[in-house]
Amino acid sequence: MPAAHTTHVTPAEALTPAEAVAPLLRGIAVLRRLTEAHDGTLSLSALEKTTGLARSTVDRLTATLARMGYVRLDGRDVTLAPRLMELGNAYLAALRLPALLSARADALADELDESVSLAVGDRDGVRFIHQATRRRAMSLSFRIGDLLPAERTAPGPLFATQWTDADWHHWRQRRATDPADHTFPAVPPREHPTPDEDFTLRTSTAASDGYALDDQLIEPGLVALSVPVRDLRDPGTGRLACVASVVSHTSRHTAPDLRTTLLPRLRAAVTAMETDLRTAPPPTPGPPRTDLATWTGASKQELGREFVESLARGLTVLTAFGEGRSALTLTQVAQATGLARATARRALITLTHADMVTPAPDATFTLTPRVLSLGFPPLSRTSLPEIAQPHLTALADRVHESTSLAVLSDSGEEIQYTARASAPHVLSARVTLGARLPAHATALGRVLLAHPEVRARGYALVDEELEAGLRAVAVPVRDRTGRVTAAINVATHPARRTPTACETELLPELSRTATAIEADLRVAGRFVHVPPT
């Protein structure tokens with residue numbers, strides 16, 4: 001076989017168990033490289049180079065991920081798509097901590113006027129599961145899912161108090177092989193390595209004090225104070241559920257000042273969090289998605305060789321977990337996905353090797369924080385216009401008319417355009433992003449104002465009221481709670497489409513686009529705030 005058609009075996013794959021699914025590991029590698037990219041986008045050739053995989057393999061993997069809605073293909077570029085967040089959502093839902101504790105963290109951030117985060121341990125690192133960030137010119141850039149080296153954080157010493165000898169050995173190995181922290185893209189490279197003894201001393205101090213400080217360990221100016229949140233349902237273990245941190249900068253607080261002024265209030269918030277954990281009722285599991293195996297089979301039949309079914313099925317195993325389904329047996333995973341038991345078993349073996357799943361002595365499996373490394377950090381900062389843009393572009397291509405997304409201004413009297421896609425007409429609706437127009441005179445505004453007739457019909461049609469020669473139809477875009485958060489429209493000239501044609505030709509396509517945007521918004525907004533602008 002010619003060399004151009006061979007598949008490169010990475011070093012990690014060379015050490016995998018014999019029953020592991022190689023395409024699943026390769027798909028995970030592709031998603032991780034995209035996650036590490038600055039904006040979640042890489043060219044196909046860059047993926048080929050960074051993964052060490054053959055171009056034909058990269059093409060098939062990305063085509064499969066695109067079919068799943070996890071990436072978007074745009075010419076030679078591959079971009080992470082919001083639906084990929086369903087994998088991280090599965091972990092966060094199974095963990096339950098964001099749902100139970102995020103309101104306390106948000107309230108503390110409001111009380112202190114400082115950023116507050118919740119983090120969990122990920123081997124010898126710290127991974128964020130919730131961020132309540134203050135809106136300032138000088139603010140944090142950490143995202144949910146970002147991984148930081150334990151020794152350069154305030155939560156790290158607290159987690160290290162419960163490390164085993166094997167954990168410490170792994171930490172020392174990592175420090176020796178990566179002294180500058182290049183394997184942690186969320187932090188700047190380390191300029192001045194510190195002795196291992198510094199962290200062991202900080203860990204010992206954290207164990208006795210019950211809190212820990214980060215005095216500009218990540219970068220100059222950044223300080224943080226952390227307190228452990230313990231799971232008191234089993235008091236004998238003292239297990240850390242997570243760590244809560246207050247984060248600031250030295251122009252507002254020094255590290256000692258954080259401890260002196262804010263530690264009592266942080267501890268009070270943590271006590272309330274521990275009570276919430278102890279008294280929370282058992283979760284009620286939702287219905288499993290048993291049609292996943294059927295869907296992957298149908299996709300394979302339709303796309304043939306371009307659809308890597310073993311990759312798709314392996315990733316769907318992650319979505320078997322969730323609220324009320326934090327620990328599953330092999331049989332339960334097979335039942336929840338509709339996969340054959342042997343297929344589910346090989347996927348779990350592979351995901352365990354990739355540190356996405358961990359087995360327990362009682363023959364159950366649980367998700368690990370490393371699931372968040374599959375696209376969650378860059379996607380957790382996605383805005384509604386960014387979610388809507390590819391859908392608007394596709395709509396404009398289908399109907400050959402300009403389309404826009406808008407939100408209502410704070411006054412409620414104007415709409416503000418936040419995303420748009422143009423049509424290839426000499427005469428077409430052209431608006432500037434950020435432009436504002438009177439809400440009452442536009443189809444977008446009438447949808448957002450929700451007049452009784454518009455609410456009943458579900459759309460608004462405005463015919464040359466704002467401007468002669470402009471006809472537009474608009475529909476609402478709702479968030480996961482059902483609230484109308486934005487509206488999208490299609491604008492045309494009366495010479496091209498009659499009002500009836502707008503309703504019969506444009507409205508169905510417009511509604512279809514709104515549904516697609518809402519589906520992405522439901523996934524993206526489950527555990528993070530999606531800004532409307």
Side-chain angles (χ1 to χ4, degrees), residues 83-105 118-122 127-130 144-145 229-235 237 239-242 272-295 313-341 343-345 347-348 351-352 355-372 374 376 380 479-482 519 521-528:
R83 187 174 174 184
L84 178 61
M85 294 178 74
E86 72 179 9
L87 302 182
N89 286 347
Y91 165 74
L92 294 173
L95 186 67
R96 294 192 76 201
L97 295 180
L100 294 176
L101 306 183
S102 60
R104 296 281 188 189
L118 300 176
V120 294
D122 188 348
R127 202 176 289 272
F128 293 109
I129 58 170
H130 182 73
I144 296 178
V229 181
R230 300 187 184 277
D231 188 345
L232 300 179
R233 289 172 296 182
D234 188 359
T237 64
R239 184 180 69 85
L240 267 66
C242 64
M273 291 179 184
E274 292 175 338
T275 299
D276 291 342
L277 290 181
R278 187 177 66 253
T279 59
T284 302
R289 297 174 55 187
T290 55
D291 63 332
L292 292 172
T294 303
W295 180 86
R313 290 187 167 182
L315 291 177
T316 61
V317 164
L318 297 175
T319 65
F321 297 84
E323 187 171 5
R325 301 193 303 277
S326 60
L328 299 176
T329 64
L330 168 59
T331 299
Q332 290 171 327
V333 169
Q335 291 173 342
T337 57
L339 295 174
R341 182 183 170 90
T343 302
R345 177 176 174 273
L348 287 169
L351 294 169
T352 299
D355 289 332
M356 300 284 166
V357 166
T358 184
D362 62 354
T364 63
F365 297 84
T366 58
L367 298 183
T368 74
R370 199 141 299 192
V371 175
L372 293 173
L374 302 182
F376 212 90
S380 69
D479 62 17
R480 61 181 294 107
T481 68
L521 188 56
R522 281 194 299 272
V523 175
R526 185 171 181 186
F527 290 104
V528 303

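All values reported here derive from a predicted model rather than from experimental measurement.
Of the possible polar contacts, one joining the Arg127 side chain to the Gly145 backbone as a donor-acceptor pair under 3.5 Å is found.
Evaluation of the side-chain hydrogen bond (donor to acceptor under 3.5 Å, both in side chains) rule for Thr364 yields Asp362 as partners, not counting sequence neighbours. Residues meeting the side-chain contact (heavy atoms from CB on, under 4.5 Å) test with Thr368, sequence neighbours left out: Thr358, Arg370. Judged as a ring-ring contact (aromatic ring centres under 6.0 Å, His included), and not counting sequence neighbours, Phe321 has no contacts. Thr331 is linked by a side-chain hydrogen bond (donor to acceptor under 3.5 Å, both in side chains) to Arg341, counting only residues two or more places apart in sequence or in another chain. Considering only residues two or more places apart in sequence or on other chains, Ala241 meets the side-chain contact (heavy atoms from CB on, under 4.5 Å) condition with Leu97, Asp231, Leu277. Residues forming a side-chain hydrogen bond (donor to acceptor under 3.5 Å, both in side chains) with Thr481 (at least two apart in sequence, or on another chain): Asp479. By the side-chain contact (heavy atoms from CB on, under 4.5 Å) test, Ser102 is found to be paired with His130, residues two or more places apart in sequence or in another chain being considered. The side-chain hydrogen bond (donor to acceptor under 3.5 Å, both in side chains) test applied to Arg480 returns no partner, not counting sequence neighbours.
When all heavy atoms are compared, the tightest approach of Ser326 to Thr366 is O-CG2, 3.2 Å. Of all heavy-atom pairs between Glu274 and Arg230, the closest is OE2-N, 2.9 Å. Contact between Leu118 and Cys242 at its shortest, heavy atoms only, is CD2-SG, 4.4 Å. In terms of heavy atoms, Thr337 sits closest to Ala320 at CG2-CB, 3.8 Å. The two residues Ala347 and Gly314 make their nearest non-hydrogen contact at CB-CA, 4.1 Å. Between Val333 and Ala344 the shortest heavy-atom distance is CG1-CB, 4.1 Å.
Looking at Phe365 and Thr352, their side chains come closer than 4.5 Å, going by heavy atoms from C-beta outward. Using a 4.5 Å cut-off on side-chain heavy atoms (C-beta onward), Val317 and Val357 make no contact. In this structure, the side chains of Met356 and Leu367 stay at 4.5 Å or more apart for every pair of heavy atoms. Proximity of Leu92 to Phe376: side-chain heavy atoms (C-beta onward) are separated by under 4.5 Å at one or more points. Using a 4.5 Å cut-off on side-chain heavy atoms (C-beta onward), Met85 and Val528 make contact. Within the 4.5 Å cutoff, the side chain of Tyr91 has no heavy atoms near those of the Leu374 side chain.
Screening residues 86-102 for salt bridge (Lys or Arg N to Asp or Glu O under 4.0 Å), with sequence neighbours left out, gives Arg83-Glu86, Glu86-Arg289. Pairs passing the salt bridge (Lys or Arg N to Asp or Glu O under 4.0 Å) check and including a residue from residues 314-331, sequence neighbours excluded, do not occur.
With values rounded to the nearest 0.5 angstrom, Leu318 atom CG is found 5.0 Å from Leu351 atom CG. Residue Thr343 holds its OG1 atom at 6.0 Å from CZ of Arg313, rounded to the nearest 0.5 Å. We find the CG-CG distance between Leu101 and Leu95 to be 9.0 Å, quoted to the nearest 0.5 Å. Taking CG of Leu372 as the reference point, atom CD1 of Ile129 lies at 8.5 Å (rounded to 0.5 Å).
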